[in-house]
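Scroll down for the structure; my scribbles are underneath it.
Letters go in sequence order (proteins before strands), and every chain restarts at 1. Just so you know, these numbers come straight off a predicted model, no measurement behind them.
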Amino acid sequence: MKHKLFLIIVSLFFFSLLSATQTNIQLLNQATEAYKSNDFDKALSIYSELEKKIQKNPDIYYNIGNCYFKLNRIGLAILYYKKALVLDSSHALAKKNLNFALKFTLDKQDFENQNFISSFFSRSFFSLSLNALAWVCLILFIALIAIIHVFLRQSESYTHTKKMFLISLVVLNIIFVGWSASRFYIYKNNKEAVISSPKVDAYSGPGESFTKLFTVHEGLILKVIKVDNAWTQISLFNGFTGWIRTSTYKAVAI
Amino acid sequence: MANIVLNKKLSLCFFLLIICLANLFASDIDVSAYVDENTVGINETFKLYIEISGSITSSFEQPLLPNIPFQNLGMSQSSSTSISVINGKMTSVKKQIYIYTLKPQNMGTFSIPAITIKIGKDTYKTNGVNITVAEQGTSKQNQPTQRTTQTTNFKTSGQINNDDIVFIAIPSKTSLYKNETFYVDYTIYTRYNLQPTRLGDEPSFNGFWKEDISGNANIEMKETTWNGQKYYSIHLRRLALAPNKTGTLTIPSQTLYADVIIPSNNFFSFADRRSISVQTSPIKINVNELPAPPKGVEFSGAVGDFKLSSNLSQTQLKAGESATLTITVSGNGNLRQTNNPVFPDVSNLRVLGPETDTQHNINNEANTAKRVLKYAFLPQDEGLYNIPSIDFTYFNPIKKQYITLQTSEFKLQAERGNIVVSTYSNQKMINAEGSDIGFIVTNLRFSGFKILFKETWYWGLILFLIISIPAHYFYKLEQDKLSNNLEYFRTRKAKRVLKKYLKNTSFAYKHQQNNQFYDSAYKGILQYLTDKLSIPRGSTQTSIMSDLRERISDKEQIEKLESFLNKCTEYKYSSSSVDNVDIHNDYFDLKNIVDGLTKQL
């Protein structure tokens, strides 16, 4: 009796799981068809639904970004490409489309205006996704533990090559742990945001009575410094800081 | 008084001298009128010259033209003075010419009446001149005699006539075959000092292929005779033309802008510089169709006289190499409209090309042409290849026949393992024609996306790995202790061995196997004691018991043990059955003994 009940419960659980993925596949196919037939509104609504069901998927963010781009909402397109890249910084498609979409913003965002070394460094820093880093760290750590076990077993034969191997593994572990930690810190403390309103004025303080400093347009990527209810202090890539309305931008952080 | 007489005498002499001189000079003054052309066209202009020459002493005014049916377009004058001393008599001859440019207004024959010129007190009259105005002017041969008497190299009179500057185009041929090259020379003939400034807009040469082959030759003025007249000529330009149509074609007229320099006729005035434009007249060229080429002959399209040479770069090919056949066609004529000879198929031989290079007018020599064709051969397999001769057929317009030239035959030996490496290719760069965002991802993962650093299993695995190190370490320590100390090992093992035997006893007790029960109980207790007391195994019961008495003070316990062990030795070999009650008591006894021993030891 008990066994039967257990079986029913287990089968029900699997069935529900299966049917859930089944409906998801159906939804995805619908969205793909809609996108193919240039019905980007419909595709967008399906992808948004999927986004709520399947949390944190870079591909879905990427697809939503594409829909927004096709619907001429450059700001939101950039936001979603950014979101996809936050989850998977090695998402090649999202990178490509983000660079493409950035050409359409009214404000010129010159991120290439860095010297060779710093741009090379930042590119290398984000070359591996957070999960890829996690796997590398895990493998390196397993290797380190394994070699320590070998040392414990054969305590009497510490050869030079074995020592060098151990030292290099320790160094590699330190490097990758440091790299991952800083990347995880960036992931957790993502201050980036994208302007979603067509035109936004920035003031020297939280309120329109302050001096107007500059005007930014949809699609501009900025950094949030401080949120003070309806107003937010931001800084731009070129060093400008100012206060804009909190409703005019969307944070990248997921 | 004497002074007065002298003055009177001198004044008389002076007066007489003046009268004498006046008579002398006034005697030979000549006045004449003439025109440069007696017959003129209605649209042409002519010149009326009024010449006053002689020993002119007094001033005279410009002669006034009588009322004549000609339009006066302007007047210019020139003067010269020559002094000669003959037999001590000095004669000064002055010559003054007035030149009027006149244009007829009506047709017919007109006469210019005698013109009156006042020189001092005297009045002179010119002769009358008859002019015939026709629809067309007289041909250029009827040059007035005055012109030949010009003493300077260039004509210096201010009025330029139509035949003074002539710009002509002379073709080298007017009847030719299609695609045959000929030349047109542009020459300006002038009687004036002239500087060409520029050519007019290039006219369109319809039906011609054209090339300017004037080169950078200097514009030189040469003295020549043209149409029986003395001219200065400048060869301005040479065009190479080849008609690409048949029928009557026209070489269009070409305009030239030039500056005519008219030197000053007296010392104090500057030279006159006038801008003029002259045009060549269009030339009609008769172009004939080429005769039909003989059957079976592949006509290349070249017209002229050509030579052919061919050369193969290598006759032995190693792996990965290619040979180049160079065919050079050179000679007189046009090679631009020429088709390249088609290379016949040779099995297993890949032919690339030809790469062509055509040059015309080599070393600025007119009508020379050269075309170099390069074929690359890539053998696909080893073996001996026969490269056949290639025909090149052209039309010779002088001999009026088709002539076929042949290249030499070649043999090409290719070694094994030729890898075809193309040096000539038709590959093109890919050009972007549009740009858009990339397509959506359709096969996405439904499992969601998890950040591994936030997963429990990840950190659990890390923790497990970390713990495994001290675990291994302590395990290893224990192992070392055991391997170094056998007695320690035995004491540690003692309990385990006892448990094993007790298990056997309890099994035997349950299944009523009495012999088994006592046997295993006996062995178990003895072994436990030897291990615990570190006595060599297989020691006798009495020696064990004596050692045990030293360790344990509780005599009752030892007595109990001894009696139990005795009971065991008694029963373990007996075949007779033991009472159930007995074995039941003994089982509990064993338990008590073991409990007591483990506590005490």
Rounded to the nearest 0.5 Å, the CG atom of A/Leu138 sits from the CG atom of B/Leu465 at a distance of 7.0 Å

Which atoms of B/Tyr475 approach chain A - backbone, side chain, both or neither, heavy atom under 4.5 Å: neither

Can you establish whether the number of heavy atoms outside B/Lys523 located under 6.0 Å from its atom NZ is more than 12? no

Chi angles and distances behind the side chain to side chain contact (heavy atoms under 4.5 Å, CB included) call for A/Tyr187, B/Lys454: CA-CA 12 Å; A/Tyr187 168 75; B/Lys454 284 181 167 179; 3.9 Å; yes

Looking only at non-hydrogen atoms, find the nearest pair between A/Phe141 and B/Ile466 and report the distance. CZ-CG1, 3.5 Å

Segment of A/Ile64 engaging chain B (4.5 angstrom heavy-atom cut-off): neither

Using heavy-atom distances under 4.5 Å, tell me whether A/Leu93 contacts chain B through its side chain, its backbone, both, or neither. side chain

Would you say that more than 12 heavy atoms from the other residues, nucleotides or ligands in this model lie under 6.0 Å from the CZ of A/Phe121, or not? no

Taking every non-hydrogen pair under 4.5 Å, which of A/Asn29, A/Asn63, A/Thr32 racks up the most with chain B? A/Asn63

In Å, rounded to the nearest 0.5 Å, how long is the span from CZ of B/Phe464 to CD1 of A/Ile145? 10.0 Å

What part of A/Lys103 lies closer than 4.5 angstrom to a heavy atom of chain B: side chain, backbone, both or neither? neither

Between the CZ atom in A/Arg183 and the CZ atom in B/Phe453, the distance rounded to the nearest 0.5 Å is 9.5 Å

Value for CD1 (B/Ile451) from CZ (A/Phe184), rounded to nearest 0.5 Å, stands at 7.5 Å

Under a 4.5 Å cut-off applied to non-hydrogen side-chain atoms, are B/Phe439 and A/Asn66 in contact? no

Measure A/Tyr81 against the heavy atoms of chain B and call it side chain, backbone, both or neither at under 4.5 Å. side chain

Where do B/Gly438 and A/Asn97 come nearest, in terms of heavy atoms and distance? N-OD1, 2.7 Å

How close do B/Lys476 and A/Leu152 get, counting heavy atoms only, and between which atoms? CE-O, 2.6 Å

